[in-house]
S.K.: 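The following block contains the structure, expressed as structure tokens.
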Amino acid sequence: MTAQDILFWALAGASVGSAVAVVTMKSIFRAAVMLAFSFLAVAGLFVLLNADFLAVVQVLIYVGAVSVLLVFASLLTRDAETGNTANRLRLPALLGSALLLAFLATVVLQTNWSLMEDTLSAESLARVQEVLSATPQWLAGLLLSEWVLPFEVASVLLLAAIVGALVLVRERQP
Amino acid sequence: MSLENFLLLSVVLFSIGLYGALTRRNVVVVLMSIELMFNAVNVAAVAVSRYVTPAALRADTTSIADAVVQRVLTGQVFALFVIVVAAAEVALGLAIVIAVYRSRGTVDLTQVNLMKR
């Protein structure tokens with residue numbers, strides 16, 4: 001077992017454990033904190049996958065913004081202490097999720113993935129490694145050439161979301 | 001640490017998120033579960049793009065141009081857009097939660113059934 005393997009299992013355990021805590025904990029405030037832990041563990045997994053820029057974005061947006069927003073929302077509404085109860089769908093939902101898990105796991109294990117280390121030549125692999133060792137500059141190139149339209153649309157989406165959120169929570173004028 | 005490990009982890013996280021989204025009564029926790037599912041999908045996208053050969057790279061094996069080799073990061077671009085959309089979604093979702101709480105006085109999903117009557 002290499003150091004990376006140990007890191008992977010630790011991060012995987014942390015993310016799954018805190019994800020389970022999110023859906024089972026009684027207090028909504030604690031669930032939000034566990035969610036932040038889960039996001040942090042996933043950021044670590046991104047680092048293991050050579051996605052350093054994404055890891056930074058994950059910490060900035062998910063841990064820094066989304067979790068804090070969810071904490072605010074849980075405090076602004078009532079029942080923050082014991083409000084995390086289940087509805088009547090508990091057993092069917094558990095069954096459905098388990099079935100989906102089994103199905104997707106079978107698909108993952110049965111598929112014959114064409115891995116880069118098996119199919120590419122040594123020099124191509126070296127090129128790919130070069131890209132993976134410094135992702136931000138390559139990501140920028142990709143975003144502003146091939147994905148430039150979705151990139152611009154994303155800014156419009158964010159503007160629409162800001163305006164929409166403001167309109168929704170505005171106090172009604174008499 | 002292999003592709004299968006990451007994908008199985010992603011599947012487990014997604015199922016936990018799905019279970020939470022289906023069973024919780026509090027809207028805020030349902031939103032949290034949806035964020036968990038987004039995260040699981042991101043892990044899968046980044047893992048696949050890290051390990052699986054892109055079709056463009058499979059075609060030519062001699063000299064790889066910059067425009068082709070950077071396609072190994074396509075999964076990361078997907079994850080980036082998913083994060084952007086998730087941020088917009090959670091901002092709007094919480095605005096709706098606050099608006100519903102103001103008008104109905106509750107965030108219990110089973111109590112918000114005005115259209116069922």
Side-chain angles (χ1 to χ4, degrees), chain A residues 4-5 8 12 16 19-20 22-23 28 31 35 42 45-46 49-51 54 57 61 66 69-70 73-74 76-77 83-87 89-90 93-94 97 100-101 104-105 108 113-116 119-121 124 127-128 131 135 138-139 141-143 147 150 154 157-158 161 164-165 168-169, chain B residues 1 3-9 11-13 15-20 22-26 28-29 31-33 35-36 39 43 46-47 50-53 57-58 61 64 69-70 72-74 76-77 79-81 83-88 90-92 94-99 101 107 109-110:
Chain A
Q4 280 188 330
D5 282 320
F8 169 77
V16 171
V20 170
V22 169
V23 293
I28 292 174
L35 188 72
V42 170
L45 288 168
F46 283 159
L49 283 166
N50 292 60
L54 261 187
V57 168
I61 296 182
V66 171
L69 216 56
L70 285 165
S74 64
L76 279 175
T77 54
N84 195 4
T85 47
N87 58 17
L89 274 175
R90 199 176 205 159
L94 190 64
S97 312
L100 182 80
L101 181 112
L104 288 178
V108 166
W113 304 97
S114 83
L115 299 180
M116 279 200 275
T119 51
L120 290 186
S121 63
S124 309
R127 281 285 276 156
V128 168
V131 172
T135 52
W138 294 94
L139 213 51
L142 199 60
L143 267 179
W147 296 93
L157 172 78
L158 285 175
L168 276 170
V169 297
Chain B
M1 198 177 79
L3 175 64
E4 278 85 359
N5 287 152
F6 279 104
L7 288 181
L8 286 178
L9 170 69
V11 168
V12 170
L13 281 176
S15 305
I16 295 170
L18 180 67
Y19 172 73
L22 288 177
T23 55
R24 296 295 106 181
R25 292 170 78 149
N26 191 300
V28 180
V29 183
L31 277 173
M32 288 183 200
S33 306
E35 294 302 316
L36 278 179
N39 246 292
V43 171
V46 177
R50 166 72 179 77
Y51 286 105
V52 175
T53 320
L57 247 71
R58 207 177 298 150
T61 49
I64 306 173
V69 74
Q70 69 187 4
V72 293
L73 297 181
T74 305
Q76 296 192 21
V77 174
L80 214 55
F81 284 126
I83 290 177
V84 171
V85 173
V90 82
L92 272 180
L94 290 177
I96 293 171
V97 169
I98 301 291
Y101 182 69
V107 285
L109 276 175
T110 53

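Letters A, B, ... mirror the listed sequences (proteins, then strands); counts begin at 1. Every value quoted in this text rests on a predicted model; they were computed, and no experiment measured them.
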S.K.: Please flag which part of B:Leu13 lies under 4.5 Å from any non-hydrogen atom of chain A: side chain, backbone, both or neither.
M.R.: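 Side chain only.
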S.K.: What is the minimum heavy-atom distance between B:Met32 and A:Leu70, and which atoms define it?
M.R.: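 For B:Met32 versus A:Leu70, the nearest heavy atoms are CG-CD1, 3.7 Å.
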S.K.: Is there a side-chain contact between A:Leu143 and B:Leu80 (heavy atoms, below 4.5 Å)?
M.R.: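 A side-chain contact under 4.5 Å exists here.
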S.K.: Apply the side chain to side chain contact (heavy atoms under 4.5 Å, CB included) test between B:Leu73 and each candidate in A:Val128, A:Asn50, A:Val131, A:Leu54; give the one that qualifies.
M.R.: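 Only one option passes, and that is A:Val131.
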S.K.: Using 30° and 60° as the class boundaries, would you call the ring planes of B:Phe6 and A:Phe8 parallel, tilted or perpendicular?
M.R.: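 If you compare the ring of B:Phe6 with that of A:Phe8, the planes turn out perpendicular.
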S.K.: Give, as side chain, backbone, both or neither, the part of B:Ile16 having an atom under 4.5 angstrom from any heavy atom of chain A.
M.R.: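 Both backbone and side chain.
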S.K.: Examine whether an atom of B:Leu18 lies under 4.5 Å from a heavy atom of chain A, and if so say whether it belongs to the side chain, the backbone or both; otherwise answer neither.
M.R.: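 B:Leu18 touches chain A through backbone and side-chain heavy atoms alike.
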S.K.: Name the option with the most non-hydrogen atom pairs under 4.5 Å to chain A; the candidates are B:Val84, B:Val97, B:Val12, B:Asn5.
M.R.: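 The answer is B:Asn5.
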S.K.: Can you say whether A:Ile61 sits under 4.5 Å from chain B via the side chain, the backbone, both, or neither, judging by heavy atoms?
M.R.: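 Only the side chain of A:Ile61 comes within 4.5 Å of chain B.
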S.K.: Using a cut-off of under 4.5 Å on heavy-atom pairs, state which of B:Leu7, B:Val52, B:Asn39 scores highest against chain A.
M.R.: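 Between B:Leu7, B:Val52, B:Asn39, the count favours B:Asn39.
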S.K.: If you count heavy-atom pairs within less than 4.5 Å of chain B, which of A:Val66, A:Leu104, A:Leu101, A:Leu45 leads?
M.R.: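 Looking at each of A:Val66, A:Leu104, A:Leu101, A:Leu45 in turn, A:Leu101 comes out on top.
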S.K.: Does any backbone or side-chain atom of B:Ile98 lie under 4.5 Å from a heavy atom of chain A? Answer side chain, backbone, both or neither.
M.R.: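 Interface part for B:Ile98: side chain.
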S.K.: Given the options A:Thr135, A:Leu100, A:Leu157, A:Leu158, which has more heavy-atom pairs under 4.5 Å with chain B than any of the others?
M.R.: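 Between A:Thr135, A:Leu100, A:Leu157, A:Leu158, the count favours A:Thr135.
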S.K.: Which heavy atom of A:Ala165 sits nearest a heavy atom of B:Ala91, and at what distance?
M.R.: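 Closest pair (atom of A:Ala165, atom of B:Ala91, distance): CB-O, 4.1 Å.
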S.K.: Whether the side chain of B:Arg24 engages the backbone of A:Val23 through a donor-acceptor N/O pair (distance < 3.5 Å, no angle test) should be reported.
M.R.: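 A pair under 3.5 Å: yes.
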S.K.: Do you know which of A:Val57, A:Asp5, A:Leu142 has the most heavy-atom pairs under 4.5 Å to chain B?
M.R.: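 With the most close heavy-atom pairs to chain B, the winner is A:Leu142.
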S.K.: For the residue pair A:Ala105 and B:Val11, what are the closest heavy atoms and their distance?
M.R.: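 Closest heavy-atom pair between A:Ala105 and B:Val11: N-CG1, 4.3 Å.
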S.K.: Of all the heavy-atom pairs spanning B:Ala99 and A:Leu168, show the shortest one and how long it is.
M.R.: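 The pair with the smallest heavy-atom distance is CB-O, 3.9 Å.
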S.K.: Does any heavy atom of chain A fall under 4.5 Å from the side chain of B:Val72, the backbone, both, or neither of them?
M.R.: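 Just the side chain, heavy atoms under 4.5 Å.
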S.K.: What's the shortest heavy-atom distance between B:Val29 and A:Val22, and which atoms?
M.R.: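 Looking at all heavy atoms of both residues, the closest pair is CG1-O, 4.2 Å.
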S.K.: Picking from A:Pro150, A:Ser114, A:Ala73, which has the most non-hydrogen pairs under 4.5 angstrom with chain B?
M.R.: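 Max contact count across the listed options: A:Ser114.
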S.K.: What distance separates A:Trp113 CH2 from B:Glu4 CD, expressed to the nearest 0.5 Å?
M.R.: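 Here the interatomic distance stands at 8.0 Å.
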S.K.: Checking A:Leu35 against chain B: side chain, backbone, both or neither under 4.5 Å from a heavy atom?
M.R.: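 The side chain, not the backbone.
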S.K.: Looking at residues at least two apart in the chain, or sitting in another chain, which of them share a side chain to side chain donor-acceptor pair (under 3.5 Å) with B:Thr53?
M.R.: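 By the side chain to side chain donor-acceptor pair (under 3.5 Å) rule, B:Thr53 matches A:Thr119.
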S.K.: For B:Val77 and A:Trp147, work out which heavy atoms get closest and say how close.
M.R.: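 The answer is CG1-CG, 3.8 Å.
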S.K.: Identify which part of B:Phe81 has an atom lying under 4.5 Å from any heavy atom of chain A, answering side chain, backbone, both or neither.
M.R.: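 For B:Phe81, the side chain is the part near chain A, not the backbone.
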